[in-house]
2 protein chains.
Amino acid sequence: MNMITKEGLIGQLREKGLKLTPQRLAIVDALVENRHLHPGARLIYAEAAKRTKTVSLSTVYATLGEFAQQGLIKFLEFDRMDNRYEGNLEEHINLVCRRCGKIIDYHIPTSIEPKDIARELGFVVTDARMEYYGYCRDCLAQPKEVMAGEQTRDQDG
Amino acid sequence: MNMITKEGLIGQLREKGLKLTPQRLAIVDALVENRHLHPGARLIYAEAAKRTKTVSLSTVYATLGEFAQQGLIKFLEFDRMDNRYEGNLEEHINLVCRRCGKIIDYHIPTSIEPKDIARELGFVVTDARMEYYGYCRDCLAQPKEVMAGEQTRDQDG
DNA sequence: TCCTAATCTGGAATGATTCCGAAATGAATA
DNA sequence: TATTCATTTCGGAATCATTCCAGATTAGGA
Ligand SMILES: [Mn+2]
Ligand SMILES: [Mn+2]
Ligand SMILES: [Zn+2]
Ligand SMILES: [Zn+2]
């Protein structure tokens with residue numbers, strides 16, 4: 001398991017010499033408490049705003065970008081969705097529901113060997129990304145008429 | 001192997017009752033001839049424009065979207081890149097070079113079982129997407145100074 | 001040849017994300 | 001504690017790929 005925690009993130013910010021501003025602390029909290037949601041910038045913004053006097057969306061974008069660049073979290077893009085941030089650094093597959101947008105972690109039992117790829121193609125893998133799209137249990141339980149309808153992929157709004 | 005071909009695509013357009021317009025034929029050509037590039041809308045637009053008197057970018061977007069929706073090609077999104085279109089319907093991993101943006105197909109030797117996921121989580125997989133990011137052989141051959149520089153992720157421009 | 005639903009088009013709209021210069025502020029230092 | 005300044009924040013403007021739209025065109029069946 002390699003899930004982000006408040007202490008872990010704050011520790012890393014200190015190590016990397018990044019300042020502990022109220023905005024960053026609020027974003028850290030929002031990130032940790034919503035990590036299972038694979039939150040997007042807007043959700044983090046809304047949650048962070050509850051935790052500190054002032055935060056701007058610009059700051060949230062910049063901060064999440066900084067965190068991702070530093071490797072504290074991962075930056076994710078999905079088909080036809082806003083970008084999301086990943087707090088589970090473990091290698092796993094993200095199961096994305098085409099209907100409700102829910103993203104579920106699925107830990108891979110056996111992983112594919114990047115070494116084979118390096119040998120065969122000379123391509124050095126630094127980062128993997130695996131997604132399965134489909135329908136989650138909850139959505140499958142819905143009546144069919146509803147299934148045919150529009151998809152809900154937003155986290156807020 | 002399940003790679004798009006001109007004949008295959010035109011056949012499917014006929015089957016599905018879609019009209020064979022000069023724009024679509026040009027787009028089909030552009031798509032097939034650049035399938036190994038995982039082309040984006042702009043590249044297809046540029047290539048299609050060479051092959052017919054009139055095409056608009058709007059039409060290219062609409063057509064590629066239509067093709068993707070009909071399952072003739074796949075619609076792909078990548079981290080920090082414009083959307084691309086996939087002409088290789090075989091299940092495979094896309095190896096994306098972080099530096100030059102090149103995308104290489106890597107056919108999976110053993111695939112992960114969606115059945116296990118259905119049993120364990122009740123999540124029904126309809127579509128898989130697997131990407132490995134890293135550096136391609138060509139980019140690895142470059143001197144280090146250049147490697148540190150900016151990334152080229154566009155296909156044109 | 002006619003007819004019409006399908007298709008095409010250019011320009012405007014969208015909207016998430018990025019950019020920017022100025023103001024604010026952690027936190028290191030004296 | 002005061003000083004200092006690189007870092008960080010912020011609002012608003014800019015970006016830009018993609019989508020939308022309403023009117024014009026057209027493929028292809030009758
Ligand atoms: Mn995940
Ligand atoms: Mn591919
Ligand atoms: Zn669902
Ligand atoms: Zn490369």
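What's counted below: heavy atoms across the whole structure, side chains too, no hydrogens, waters or symmetry copies. The sequence lines fix the lettering, A, B, ..., with proteins before strands; numbering per chain opens at 1.
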For [X] and [N], give me the distance from atom [atom1] to atom [atom2], rounded to whole Å.
X: Leu13(B); N: dA6(C); atom1: CG; atom2: P; answer: 15 Å
X: Leu18(A); N: dG26(C); atom1: CG; atom2: C1'; answer: 12 Å
X: Phe78(B); N: dA17(D); atom1: CZ; atom2: P; answer: 17 Å
X: Glu77(B); N: dA16(C); atom1: CD; atom2: P; answer: 14 Å
X: Met81(B); N: dT18(D); atom1: CE; atom2: C1'; answer: 18 Å
X: Leu43(B); N: dA17(D); atom1: CG; atom2: C1'; answer: 15 Å
X: Lys19(A); N: dT7(D); atom1: NZ; atom2: P; answer: 7 Å
X: Asp82(A); N: dT19(D); atom1: CG; atom2: P; answer: 13 Å

Using a strict 4.0 Å threshold on nitrogen-to-oxygen distance, state whether [X] and [Y] make a salt bridge.
X: Asp82(B); Y: Arg42(B); result: no
X: Glu86(B); Y: Arg129(B); result: no
X: Glu33(A); Y: Arg51(A); result: yes

Starting at the 5' end of DNA chain D and moving along, which residue's nearest nucleotide shows up first, Phe75(B) or Glu66(A)?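 With Phe75(B) and Glu66(A) compared, the 5'-side residue is Glu66(A).
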What about Tyr85(B) and Phe75(B), are their ring centers closer than 6.0 Å?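 Yes: the rings meet the under 6.0 Å criterion.
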Pairing annotation in dot-bracket form, given for DNA chain D with Watson-Crick or G-U pairs under 3.5 Å and | for cross-strand partners: ||||||||||||||||||||||||||||||
Please determine if a side-chain N or O atom of Asn83(A) lies less than 4.0 Å away from the OP1 or OP2 oxygen of dT17(C).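 Answer yes for this pair, as a side-chain N or O of Asn83(A) is under 4.0 Å from OP1 or OP2.
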Is Tyr61(B) close enough to dT19(D) that one of its side-chain N or O atoms is under 4.0 Å from OP1 or OP2 there?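 Answer no for this pair, as no side-chain N or O of Tyr61(B) is under 4.0 Å from OP1 or OP2.
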Do [X] and [Y] make a side-chain contact, defined as non-hydrogen atoms from C-beta onward lying under 4.5 Å apart?
X: Leu13(A); Y: Leu72(A); value: yes
X: His107(A); Y: Glu90(A); value: yes
X: Leu25(A); Y: Thr52(A); value: no

Might you point out which heavy atoms bring Gln70(A) and Lys16(A) nearest each other, and give the distance in Å?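 Closest approach of Gln70(A) to Lys16(A), heavy atoms only: OE1-CD, 3.1 Å.
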Nucleotide N/O to protein N/O under 3.5 Å, stretch nucleotides 8-11 of chain C:
{"from": "dC8(C)", "atom 1": "OP1", "to": "Thr21(B)", "atom 2": "OG1", "distance (Å)": "2.5"}
{"from": "dC8(C)", "atom 1": "O3'", "to": "Gln23(B)", "atom 2": "NE2", "distance (Å)": "3.0"}
{"from": "dT9(C)", "atom 1": "OP1", "to": "Gln23(B)", "atom 2": "NE2", "distance (Å)": "3.3"}
{"from": "dT9(C)", "atom 1": "OP1", "to": "Thr54(B)", "atom 2": "O", "distance (Å)": "3.1"}
{"from": "dT9(C)", "atom 1": "OP1", "to": "Thr54(B)", "atom 2": "OG1", "distance (Å)": "3.0"}
{"from": "dT9(C)", "atom 1": "OP1", "to": "Val55(B)", "atom 2": "N", "distance (Å)": "3.4"}
{"from": "dT9(C)", "atom 1": "OP2", "to": "Ser56(B)", "atom 2": "N", "distance (Å)": "3.0"}
{"from": "dT9(C)", "atom 1": "OP2", "to": "Ser56(B)", "atom 2": "OG", "distance (Å)": "3.4"}
{"from": "dT9(C)", "atom 1": "OP2", "to": "Thr59(B)", "atom 2": "OG1", "distance (Å)": "2.6"}
{"from": "dG10(C)", "atom 1": "N7", "to": "Ser58(B)", "atom 2": "OG", "distance (Å)": "3.2"}
{"from": "dG10(C)", "atom 1": "O6", "to": "Ser58(B)", "atom 2": "OG", "distance (Å)": "3.3"}
{"from": "dG11(C)", "atom 1": "O6", "to": "Ser58(B)", "atom 2": "OG", "distance (Å)": "3.0"}

Going from CG on Leu64(B) to OG1 on Thr59(B), what distance comes out if it is rounded to the nearest 0.5 angstrom?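 Result: 10.5 Å between the selected atoms.
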